[in-house]
Trainee: 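So that we are looking at the same thing, I have put the structure below in structure tokens.
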Amino acid sequence: MLINSNDFKKIKNSLPLGVGLLAVSKGHAQESIRKLSDYGQFDFGESRLQEAIPKKNNLNDLDQLRWHFVGTLQKNKVRGVIKEFDFIHSVDSLPLLERISRISKEEQKTPNIFLQVKFRDDPKKGGFLKHDLLESWPSIMSLKNINLIGLMTIPPIDLNSYQRKEVFCECRSLADHLGLKDCSMGMSNDWKESIDVGATWIRLGSLLFGER
Ligand SMILES: *Cc1c(COP(=O)(O)O)cnc(C)c1O
């Protein structure tokens with residue numbers, strides 16, 4: 001069930017200045033997005049292009065909404081995602097980033113980009129390894145038509161809250177090292193830990209929308 005407006009405001013008001021709240025609406029109906037926007041929520045995250053397009057079309061009277069892509073991005077979806085989304089949180093390889101850069105130029109867009117980094121071994125998740133990211137950094141810096149704003153990470157599911165916080169710390173340090181302002185990290189079960197160590201975007205799904 002969708003969170004009520006009081007509980008939403010409690011969460012929103014507890015966030016430090018500079019921490020953005022992304023409402024991850026994947027799997028939830030457009031009516032819930034509309035209600036959250038009545039509460040004053042304007043950033044929404046979707047993980048599948050095919051699901052996002054009809055929702056966006058049905059909500060296009062709400063011109064304040066900003067759309068964030070948070071899912072695994074397949075090569076053949078890059079153009080569609082660039083056209084439909086303002087932010088991409090889940091760029092997980094150099095070839096994918098190069099493709100985004102090339103197609104963004106064609107589409108005359110400059111999407112806001114987070115690079116997804118994998119700080120622990122996790123076969124279920126994609127992402128740059130830290131070492132590879134550092135090695136690719138000069139190539140990354142030379143790419144046009146992308147606004148590289150930060151790093152994104154998702155700790156493996158089996159870590160405890162202390163271990164998750166360690167991962168978030170490593171993400172913040174690497175972002176600082178690279179001169180990137182933003183860290184997209186923390187979800188419904190670990191957003192407080194992520195904020196403690198420097199998240200600038202938390203991504204909440206079930207806490208806001210209820211279970212899918
Ligand atoms: C679904 C999803 C979320 C939200 O997860 P919850 O645990 O429901 O808050 C956050 N980030 C990504 C990348 C997701 O796919």
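Along the sequence shown, residues are numbered consecutively beginning with 1. One-based numbering, in listed order, for ligands and for the atoms of each.
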Trainee: Testing Lys165, Arg164, Arg120 one by one against Glu170 for a salt bridge (charged side-chain N to carboxylate O under 4.0 Å, His left out), which residue passes?
Mentor: Arg120

Trainee: Which class fits the ring pair His89 and Phe114: parallel under 30°, tilted 30 to 60°, perpendicular over 60°?
Mentor: parallel

Trainee: When rounded to the nearest 0.5 angstrom, what is the spacing between CG in Leu36 and CZ in Phe42?
Mentor: 11.0 Å

Trainee: When you compare ligand 1 with Asn189, is there at least one nitrogen or oxygen pair between them that comes in under 3.5 angstrom?
Mentor: no

Trainee: How close do Arg203 and Met152 get, heavy atom to heavy atom, and via which atoms?
Mentor: NH1-CG, 3.4 Å

Trainee: Looking only at protein heavy atoms, identify the closest one to atom 13 (C) of ligand 1 and say how far it is in Å.
Mentor: Val70 O, 3.4 Å

Trainee: Give the single entry among Arg203, Met187, His89, Lys26 that approaches atom 14 (C) of ligand 1 most closely by any heavy atom.
Mentor: Lys26

Trainee: Considering Ser90, Gly205, Ser206, which one's heavy-atom position lies nearest to atom 4 (C) of ligand 1?
Mentor: Gly205

Trainee: Is Leu204 close enough to touch ligand 1? Criterion: a residue heavy atom under 4.0 Å from a ligand atom.
Mentor: yes

Trainee: Under the side chain to side chain donor-acceptor pair (under 3.5 Å) test against Arg66, which residue among Asp86, Asn112, Asp43 passes?
Mentor: Asp43

Trainee: Checking a contact table here: which protein heavy atom is nearest atom 9 (O) of ligand 1, and how many Å away?
Mentor: Ser188 OG, 2.5 Å

